[in-house]
Amino acid sequence: MRKPTSPEAGGAGTAGATRTDAAPQETQKEATPLSTVVRVRSLLPSLPPAERRVAQRVIDDPEGVANSTITELAQTCGTSETTVIRFCRAIGFHGYPELRLTLATEAGRAQSATGGRVIGSDISPDDSLEQIVEKVTFADARAVEETAAQLDIKMLEQVVDAIVAANRVDVYGVGASAFVAKDFQQKLHRIGRVCYAWADAHIMLTSAAVLGPGDVAIGISHTGATVETIDALEVARNRGATTVALTNFPKSPIAEVADLVLTTAARETTFRSGATASRLAQLTVVDCVFVGVAQRTYGTTRKALEATYEAVRGRTVRPDRRRR
């Protein structure tokens, strides 16, 4: 089940990748609105400080970057033109002109998709409740759409294969990711798969310690830097289990201990409402994995769903017991 890996995480332009993927210049999927910004955001923590400033500028104002010369961008970011060129190559472009053209094209598509309206992600103190609702729902919807657009189907298929063949699946996550882990455990359990979700650091480690070949361990972490989740996944990998990471950043530390990596595309916003968007993006990927597993085991899944439905069918309030 396990694949040979190298020390490097997935390529810059991939949604989910093993560490044997090609260089970032690899051909990308058909661009979706602001797909370059999604890619830059996912690589932001792994870039050197000077390149990170350029990346942040691209994320904050892609249209402004598209209208800037390389000299203007370098000055704005307090760096050199050489650094800007290195940044362009790091995210899969041959040079700055190609980046400018792509950003301009994608910004135009994004404006068309929103009817020309510019909807920011950040919540300001002066926003009305109506504006807050619009911004939060826009960020959530974009997280789901962008996650789906960049999801690596081949990687997803490998994860589904691993779970279908697994004797047992353990899912690790803390904080908001713990709720996603629990949701995945409940879904798999209902169709008869042996699955456990753990959020306690000690239990995660002891759970991982009894896994072995033929088992699957899944670590969920938006940042990919949660120590408890990384440690548990590393123990599981050392025991011979197939390890899977679900994160927003393909070059984050959790990718180094994962055989298979799936990524989301959620953005951080004011008041960490990005934590909401990241959870929805994670749930989107989890649902795709679950449905893939359910489809592969269609016969047994249907029987399990029917049996579990019958088990709880009588636990709803009957019409004659409702208040009038």
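Side-chain atoms are counted along with the backbone in the values below, which use heavy atoms only and exclude waters and symmetry mates.
To the nearest 0.5 Å, atom CZ of residue R53 and atom SG of residue C77 are 7.5 Å apart. Rounded to the nearest 0.5 Å, atoms CG (L101) and CZ (F93) are 9.0 Å apart. Here the CG atom belonging to D127 is positioned 9.5 Å from the CD atom belonging to E134, to the nearest 0.5 angstrom.
Taking 4.0 Å as the cut-off between side-chain N and carboxylate O, D215 and R239 do not count as a salt-bridged pair. Ion pairing of E157 with K154 is absent here, as no side-chain N (NZ or NE/NH1/NH2) approaches a carboxylate O to less than 4.0 Å.
Within 6.0 Å of CD on E306 lie more than 12 heavy atoms contributed by other residues, nucleotides or ligands.
Between the T226 side chain and the T229 main chain, no donor and acceptor come within less than 3.5 Å of each other. Checked by atom type and distance alone, the side chain of T147 pairs as donor or acceptor with a backbone atom of A143 at under 3.5 Å. The backbone N or O of V293 lies less than 3.5 Å from a partner atom in the side chain of T297, making a donor-acceptor pair.
A donor and an acceptor atom, one from each side chain of S80 and T83, are located under 3.5 Å apart. Donor-acceptor pairing under 3.5 Å is lacking for the side chains of D259 and T242. Residues S35 and E106 bring a donor and an acceptor atom of their side chains to less than 3.5 Å of each other.
Considering only heavy atoms from C-beta on, V216 stays 4.5 Å or farther from R168 through its side chain. Taking 4.5 Å as the limit, some side-chain heavy atom of Y96 sits within range of a side-chain heavy atom of L73. In this structure, L246 and V289 have side chains that are not in contact, with every pair of non-hydrogen atoms separated by 4.5 Å or more. Contact annotation: the side chain of R57 never approaches that of D60 to less than 4.5 Å [non-hydrogen atoms, C-beta and beyond]. Side chains of F290 and I191 form a contact here, defined as non-hydrogen atoms less than 4.5 Å apart.
Sorted by first then second residue, the salt bridge (Lys or Arg N to Asp or Glu O under 4.0 Å) pairs that include residues 78-88, not counting sequence neighbours, are E51-R86.
Between L44 and A55, the shortest heavy-atom contact is CD1-CB, 3.6 Å. The minimum heavy-atom distance between L233 and A258, with the atom names listed, is CD2-CB, 4.3 Å. Contact detail for N248 and A266: the closest heavy-atom pair is OD1-N, 2.8 Å. Counting all heavy atoms, side chain and backbone alike, R190 lies closest to T308 at NE-OG1, 2.7 Å. When all heavy atoms are compared, the tightest approach of W198 to S207 is NE1-OG, 3.0 Å. The two residues V65 and R100 have their closest heavy-atom pair at O-CG, 4.0 Å.
Applying the under-4.5 Å side-chain rule to Ile, Leu, Val, Met, Phe, Trp and Tyr, the cluster around V235 extends to L205.
By the criterion of side-chain heavy atoms lying less than 4.5 angstrom apart, applied directly or through intervening Ile, Leu, Val, Met, Phe, Trp or Tyr residues, L156 is grouped together with V171 in one hydrophobic cluster.
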Give the intermediate values and the outcome of side-chain contact (heavy atoms from CB on, under 4.5 Å) for residues D170 and I218.
CA-CA 6 Å; D170 276 28; I218 302 173; over 6 Å; no

side-chain contact (heavy atoms from CB on, under 4.5 Å) for I163 and F184? Distances and angles first, verdict last.
CA-CA 12 Å; I163 293 174; F184 194 30; 3.9 Å; yes

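Taking the six-membered ring for Trp and the full ring otherwise, the centers of Y196 and H189 sit at least 6.0 Å from each other.
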